[in-house]
Each structure stands twice: as structure tokens, then as C-alpha cells.
Amino acid sequence: MLSFLLAAAALAPANAPAAHGADTFTLKAAHLRLYGNKVVDGGVVKVEKGKVTYAGDAKGAGELGPDVIEHAGWASAGLVAARTWSGLGGEGLEPKRPFTAEARAADVVALGHADFARARAEGITTMVVALSPANVASGITTVVKTDGETTLARDGHLQLGLSSQALRTNRFPTSYTAAIELIEAELAKPTGVWERVSEGKLSVYLDALSRDEIQRAVALASEHKLTGALLRAPLAGELAGEIKKAGLAVVVGPFGPGEEARVLASVAALGRERVPVAFGLESPTSPEALLRVSAAMCVRAGLDPAQAWEGLTTTAASVAGVGARVGKLAAGCDADIVLWSGDPLQLTSKVEGVFIGGVQHESKGGAGHGGAH
Amino acid sequence: MRRTTRYALLPASWGAAGPGASALLAIPSLVAFGIAALPSLVLGDEPAATPKDLFIRAEQLHVRPGRVLERGMLWVHEGQIVAVGTDIKLPEGAVVIEGKVVCAGFIDSWSAFALEPNAQFDDRAGPATRAVDAVDSYVDVRHERALLAAGITSVRLQPTVGARAGGVGAVLRLHPSKSFAETTVIADACSATAIGVSRGDGRALDVFERVSAVDRVIGAIADGHAYLVETNEYRHELADWEKKIADKQKELDDGFKKAKKDREKAQTEAKDKGNEFKDKEYKEDKKPKAPRFDEEKEIYARIAAGELPLVVEVHRALELRALLAGTKRFDRLRLVVAGASEAAQCAELLAERRIPVIVWPVPMGVQRAPEYRGASLALAAELDHAGIEVLLGSGAMDPLASRDLPLLAALAVGHGLPRETALAALTTRPARVFDVADKLGTLELGRSADVLVLDGDPFAATTSVRYVLSAGELVVGEVKK
């Protein structure tokens with residue numbers, strides 16, 4: 001039923017770019033999830049030199065060209081994880097110094113790491129590699145693709161830790177007040193990365209856990225007109241109004257079976273208030289498959305399915321600052337396309353093929369290898 | 001009532017969940033003083049009472065997996081299913097509810113819901129520890145509602161996850177306003193144990209410990225078997241002895257007059273001769289001695305007799321193979337394997353012995369405990385393909401995980417488990433394995449109704465559960481009378 005008519009690709013060894021190789025082709029899929037709840041039946045995506053030139057119904061597609069791939073299931077844009085520790089091999093952790101604002105995840109991330117191959121097998125094509133939340137200023141995130149080579153943004157966000165995890169009894173600062181004071185001192189006479197943050201050229205990731213930490217993070221962002229997103233913030237939904245006013249997004253998750261109902265309800269509340277919600281991971285600590293599981297759990301808890309899908313794609317891409325290139329199937333975007341056995345929002349569907357920049361990286365036989373679950 | 005009282009006493013900061021919660025907070029002192037005459041107030045959050053006659057219409061009615069009625073109808077009268085079909089006349093005064101898919105309530109074969117938190121990981125428990133004694137009757141009702149709203153109407157509970165002895169498991173129905181004593185479907189559904197699971201006491205077991213753990217389980221079954229034999233022998237010996245005594249008694253009773261006369265004669269003779277009279281001495285038969293009572297052996301005797309299924313959580317193929325080899329001689333043993341990360345390697349053996357497997361289809365990632373190294377989301381599908389009866393469970397790691405069982409089942413379906421089989425794995429199969437098939441798992445005539453009314457595919461994230469009946473009562477969704 002879900003036959004995947006890619007004879008050449010099916011024979012290719014798992015994980016190796018398919019014989020198809022060429023980054024120019026046309027994809028015909030029984031169902032195309034363009035963005036949000038927008039689904040086109042009998043859709044066509046035209047790809048030229050790794051870029052999408054057309055995505056929509058068959059009527060508007062014009063001539064299809066010689067290289068046509070037919071997929072009997074669904075196709076969508078590749079998923080975007082708005083937070084992960086993939087490819088860092090533990091280098092994202094700096095346990096001693098509270099301020100490492102100039103530390104760049106881009107300098108330590110290994111693009112060819114198996115972490116990314118596992119993410120790709122789950123349909124994730126773009127990830128924001130973030131740092132440990134154990135520092136007040138943890139450093140600068142980087143936005144990468146899971147193709148093993150592409151960096152979308154060397155500097156993603158300045159990550160600030162406003163949770164209790166950034167405070168220690170054996171090193172300064174030991175209190176929230178001191179941490180905030182130190183951040184404000186940096187922003188008062190900004191140099192280096194702080195300058196770009198205060199000018200609004202670089203957005204921030206504000207890690208916060210408890211309700212008061214979230215409030216403090218929101219106040220800091222409002223006071224200094226910082227743009228960006230809260231990280232984790234499990235009960236952010238209870239402060240959705242304030243977060244919306246501050247113009248922040250929230251990167252939630254990962255959630256696994258048994259997650260507190262109150263936390264899931266909080267995500268649904270963010271959705272109701274139209275606060276942008278994106279899903280994140282803590283891979284390799286958390287399984288990559290939890291990205292879609294988190295979204296599905298939030299949908300069951302009341303999050304609008306369209307918002308959940310956006311949280312896996314479009315919203316996550318804009319939170320990552322790369323919304324113009326990835327996160328949707330539209331002309332001008334990168335040809336990061338995932339083929340699924342069914343609706344990608346449902347956990348009953350499985351990855352059957354992944355293209356990044358128009359190059360095939362996963363095929364039906366290869367998807368799901370490497371213990372990626 | 002009791003659990004509702006607890007609900008009212010929860011601190012305000014805890015919850016935004018129930019709309020009735022804040023209203024209830026005003027009255028804890030009344031409740032605490034034992035003024036129980038406020039049911040309408042205290043139970044303000046309860047769903048409306050179930051109508052006497054409920055008529056359920058469905059686009060697809062799953063009477064049981066494999067038997068689906070298109071445009072099916074179900075009539076529930078006073079909590080009992082009294083008619084199932086496609087052409088039932090609407091009973092007078094019945095309340096009609098509708099859904100796309102209607103099926104039996106789901107059973108989580110491997111849950112920790114409602115277990116008192118300390119009981120969940122307490123490895124001091126023995127084989128005779130009972131799950132029903134570890135249930136927290138003050139469990140948060142909102143959690144129970146969350147499970148019901150996800151379609152879970154029953155759970156198999158087992159205290160002490162991963163411990164050497166998991167005790168006697170129970171199957172309970174979920175119902176927010178009934179005590180667990182009322183909703184216990186079976187108090188001794190099975191016994192459970194674990195081999196080579198590091199999560200119980202937090203240490204990874206070395207290979208010698210793991211192999212000796214297999215021996216321990218086999219040894220316990222053998223001891224149980226011996227105890228069973230001994231007990232049976234005693235029972236026969238006792239019966240023989242009692243019969244012998246009764247016969248003797250009868251003999252004495254029948255010959256009473258003659259015996260009396262003989263005695264009197266002997267007494268007179270003795271007196272005449274000046275001798276001392278002595279009563280005839282009877283040598284009493286020795287009463288057979290009962291085997292020393294051992295509560296643990298009692299349980300294992302029931303296991304060896306096939307009266308209680310034994311659920312063994314075991315993951316590595318090495319230990320699983322050793323377990324299968326060692327238990328082969330107990331021909332009445334009803335073994336159930338749980339977890340079974342590497343079971344695909346012994347699939348043939350499991351299929352041949354008709355051993356059901358409870359699969360926990362959860363994403364694990366690379367940093368998993370060593371025993372799960374071979375785990376895969378495709379396990380359920382692989383075992384099913386090999387002809388093994390697969391059940392699905394939420395793994396008992398978190399009390400609320402049962403809520404997410406339909407999504408875990410969806411993952412198993414996504415990795416190749418047929419939908420029909422997944423449905424059976426949540427309904428008929430656990431009901432059969434834990435000996436409650438006459439009460440749970442299907443929508444057949446005469447059952448007390450455990451029914452889900454869904455607005456779509458049971459495994460879709462986007463499906464919502466419209467109504468749930470547990471033990472014939474509406475526990476999710478409201479109807480107009």
C-alpha cells in the first residue's frame with residue numbers, strides 16, 4: 001500500500017547518498033504537508049539545484065521534467081529541533097566558569113557525528129545545537145543541518161541560564177540577583193557578543209525552569225528588548241500573557257511517557273495565547289524520536305495540531321533564525337524533504353526517505369537504522 | 001468519597017486542572033471534620049450520573065479485535081451491555097451518544113498507576129506481597145481522570161519494578177469515585193519477577209549475578225512445585241487418616257453395647273479375683289504432619305500449578321534462553337515474558353511454547369541502560385510476525401505513563417505492528433493472559449460496559465476520547481438526559 005517507488009534508492013546501501021545523487025528532480029506525493037494544517041493531495045515539489053522551486057498541487061506545477069520520484073505516502077519539510085546537544089560529545093558542558101559568552105557551539109560541534117545521522121533517520125533535518133544550562137552565559141548556539149556538512153548559522157543565539165542550575169554554592173554567582181546583575185552589567189557596556197545582543201542583531205535563548213525563573217527571564221528580556229525564546233520553561237503556559245507581551249517564543253520538551261499533565265497543559269495554553277512554540281531535544285541524552293512524540297503528547301493534551309506541526313517545522317525554524325531557508329515546503333526554500341508512510345504528525349507514520357538540499361540521505365530500507373529510537 | 005476528599009485537600013498551588021478544584025478548596029475543613037453529608041458538593045466535579053439506558057452509535061464498532069461492525073450500535077442498560085448489532089431499535093428514553101470508533105476500554109498490561117510511591121521501587125517485597133496492598137487509595141483523582149480520558153479503563157499493577165520479587169499483581173478498573181476495593185477485577189492476576197534489570201536497585205548486574213538470577217527463578221518454581229507435591233501428598237494422607245479414624249470410630253460405635261458388656265464383665269472378674277482392673281489401651285494412629293506453611297512457596301506452588309501466570313521481566317537473549325530452557329519441565333507453568341528487548345533472537349522458542357510477551361514500545365535513545373541495548377520499536381512487529389502473542393504495556397516506570405499507552409501503541413504500529421493486533425494487545429490479550437477475559441476486553445453481551453467512544457483512529461495523536469464508560473458508568477464526557 002505504501003509502496004515507495006524508488007527502485008534505485010532502495011537498492012542503495014543504507015545511509016549513503018542514493019544513486020539519484022542529482023539535486024534536481026520532481027517529487028510527486030499522494031499527500032503533501034506544506035505548512036501548518038495545509039495539506040495538498042496529489043502534490044508536487046520541484047527541486048532545482050537543492051532548492052525548492054515549486055510546492056503545491058499538480059495543476060500549478062507545469063512541466064515535471066525527466067527525473068520524477070513518486071511517493072505513495074506523505075511528504076513534508078524536514079523537521080527542525082529548536083534545541084539539542086547533538087554532536088557536542090560533552091563539549092557543551094563548562095562546569096566551572098559562569099560566563100563563557102564567547103564560547104561557540106560551532107567551534108566544537110562535529111557535523112559528521114552519529115548523533116546527526118540518528119536525528120536524520122527520525123526526519124529531523126535541521127537542529128539548533130545549544131549548550132549546557134549550567135552557566136549564566138553559556139555561549140553561542142549554532143544552527144546546523146543533519147547532512148553531516150552544512151552549517152546554517154554559526155551564531156544562532158546567546159544562551160543565558162536563568163535557572164537554579166546556573167547557580168552554585170561554590171562559585172559566584174550564588175543567587176538569582178547576582179546573576180541578573182552580572183548580565184545587566186554586560187548589557188550596560190556591551191562588548192563582543194553582548195553588543196550584538198543589545199543591538200538586537202543576535203537573539204537569546206533564556207533557560208528557565210520554575211515559575212519565578214520564567215518571570216525573571218521575561219522581565220529581563222522586556223527590560224533590555226531582547227528577542228528570542230525561553231528554553232524548557234515547563235510552566236510557561238501559566239504566564240502565557242506576559243511571554244506574549246515580551247514577544248518571546250518558547251522552546252519546549254522533550255517530553256516522554258508519563259510527563260506531568262500540568263506541563264503538557266502549559267504547552268496547550270501557550271498555543272491558545274498564540275505564543276510561538278517550538279519543540280526541542282536533549283540528544284543524545286534523550287532519544288531523537290521524542291521530538292515527534294513530544295508534539296503528539298501535546299496534541300493529546302489540547303495543543304492545536306497545526307501549531308504542533310509548526311512547532312516541529314516553521315516556528316522552530318524561525319526561532320532558530322533560519323525561517324527563510326527551512327521549515328516549510330515553498331519556492332525558494334532548501335529542498336529538505338522527508339517522505340513518510342502517513343501523516344507525519346501521527347506516530348503511526350514512519351520516515352521512508354530524507355532529502356537534504358535535494359540530496360537523498362535516507363531511504364525506506366535505511367530509515368530507522370543505527371538504533372535511533 | 002474518600003479519594004474525593006483527598007482531592008479537596010490538595011494545596012491550591014498544585015492545580016489548574018479541574019475546574020471544580022478551586023471551589024472544593026473552600027470546604028476541606030468540613031470534610032476533615034467528617035461531615036460526609038455533602039456528596040453533591042464534594043462530588044461537584046463528578047460527571048453527571050449515567051443514564052439508565054445509553055445507546056451508542058458508531059461508524060465502526062469493534063466488538064472485539066477482528067469483529068468490526070460498520071455503523072454498529074450498542075445498548076447499555078443499567079451498566080450492562082444488553083444488545084450489540086447493526087439494527088437495534090432505539091429503546092424508549094435512551095440517551096444517544098455517537099462516535100466514529102467505539103471499542104472496549106484499554107488495559108495497560110504493565111502499569112504503576114496508583115501504586116503508593118514507596119511501593120513502586122521497594123525491593124524488600126517478597127513473592128507474597130500483594131499489589132492490592134500497595135495501592136494508594138488516596139491517589140490523585142486528576143491522574144485517574146487523565147488515564148480514563150486517554151482511554152485506559154483498567155491496569156495490571158505490580159509493585160516493586162525490577163525487583164527480585166514483584167509480588168502478586170492485580171487488575172483494577174479505573175473509576176474516579178469508587179474505591180479500588182470496589183474496582184478490583186482480580187486481586188491475584190499473576191506473580192512477577194525480574195532478571196538482569198538494573199533499574200530496581202540502580203546497579204547494572206554483572207553476568208554472574210544475572211545467570212544466578214535465572215537459577216533463582218527456576219529454583220523458586222521448583223521449590224513451589226515440590227511444595228505443591230508435598231501439600232497434595234499431605235492432603236491425601238490426611239484424608240486417608242481421617243477415613244481410618246472415622247472407620248474405627250464407627251466400629252467402636254457399632255460394637256458399643258458388646259464392648260460395654262465385655263468391660264463390665266472384665267471389671268467383675270478382676271474384682272472377684274482381687275486383681276486390679278486396667279482399661280484396654282488403644283494405639284492411636286499418628287496424624288500426618290502438615291508441611292510447614294511458607295507463604296512464598298504457596299505462591300510459587302500456585303505458579304507451578306498454572307493457577308497464577310508468572311510475569312518475568314527479562315531483556316537479554318542469554319537470560320531469556322536460560323529461563324526458557326530451565327522452565328521447560330514445568331508443563332503447567334504459564335510464563336509471560338515482559339520487556340524482552342532481545343526476544344526476537346528467541347522468537348521461535350517463544351512461539352513454540354506459546355509464551356505471551358509484554359512489549360514496552362518506548363523510544364530509548366543511545367544512553368540507555370545496558371539491558372535495553374537490543375531494544376527496538378520494531379520488536380512488537382517482529383514478535384507478532386513470528387507468531388507470538390504480543391501485549392503492550394507502558395513499562396511501569398512512571399504512574400502517569402499509562403496515559404500515553406495509546407501513543408506508544410501508535411509507535412509500535414508505525415514500526416509494523418498491524419492495527420488490529422495492537423488493538424488486541426490493549427484489550428482481549430491482557431484480559432486473557434490475566435484471567436479476566438470474562439469481564440474485560442470486549443463489547444460482548446452481558447458484560448459490564450467498559451467502552452470508549454472516540455472521534456477517530458484510536459492510535460492517532462489527533463483523536464480525542466469523547467466518552468468513556470467504566471464498569472457501566474460514564475466517567476468521561478457528559479450527556480444530556
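Quantities reported herein were computed from a predicted structural model and do not represent experimental measurements. Just the heavy atoms: all of them, side chains too, but no hydrogens, waters or symmetry mates, feed the values below.
Residue B/Arg373: no heavy atom, backbone or side chain, is found under 4.5 Å from chain A. Contact annotation for A/Ala265: neither backbone nor side-chain heavy atoms come within less than 4.5 Å of a heavy atom of chain B. Interface remark: B/Thr463 contributes backbone and side-chain atoms alike to the contact with chain A (heavy atom separation under 4.5 Å). Heavy atoms of A/Leu264 lying under 4.5 Å from chain B belong exclusively to its side chain. In this structure, the portions of B/Ala460 lying under 4.5 Å from any heavy atom of chain A include both its backbone and its side chain.
Contact between A/Pro287 and B/Gly365 at its shortest, heavy atoms only, is CB-N, 3.3 Å. Residue A/Gly256 comes nearest to B/Asp404 through the heavy atom pair O-OD2, 4.3 Å, listed as atom of the first residue, atom of the second, then distance. In this structure, A/Met297 and B/Leu407 approach most closely via the heavy-atom pair CG-CD1, 3.6 Å.
Heavy-atom pairs under 4.5 Å with chain B were tallied for A/Leu303, A/Thr285, A/Leu290, A/Val293; the largest tally goes to A/Thr285. Put simply, of B/Leu405, B/Leu408, B/Leu411, the one with the most heavy-atom pairs under 4.5 Å next to chain A is B/Leu411. For the set A/Gly302, A/Ala296, A/Cys298, the entry with the most heavy-atom pairs within less than 4.5 Å of chain B is A/Ala296.
Between A/Arg300 and B/Pro406, some side-chain heavy-atom pair lies under the 4.5 Å cut-off.
Remark: A/His113 NE2 is packed, more than 12 non-hydrogen atoms of other residues, nucleotides or ligands lying under 6.0 Å away.
Checked against side chain to side chain contact (heavy atoms under 4.5 Å, CB included), B/Ser341 has the following partners two or more places apart in sequence or in another chain: B/His315, B/Tyr372, B/Ala375.
Pairs engaging residues 73-87 of chain A under the salt bridge (charged side-chain N to carboxylate O under 4.0 Å, His left out) rule: A/Arg83-A/Glu282 [sequence neighbours left out].
Put simply, the side chain of B/Gln367 never gets that close to the backbone of A/Ser286: no donor and acceptor are under 3.5 Å apart. Judged by distance alone, with hydrogens and angles left aside, the side-chain atoms of B/Arg403 form no donor-acceptor pair with the main-chain N or O of A/Pro257 at under 3.5 Å.
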Checklist entry - What do the steps show when you test B/Asp457 against A/Gln346 for side chain to side chain contact (heavy atoms under 4.5 Å, CB included), and what is the final call? => result CA-CA 10 Å; B/Asp457 171 11; A/Gln346 308 296 358; over 6 Å; no
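The structure places OG1 of B/Thr462 at 11.0 Å from CG of A/Asp304, a figure rounded to the nearest 0.5 Å.
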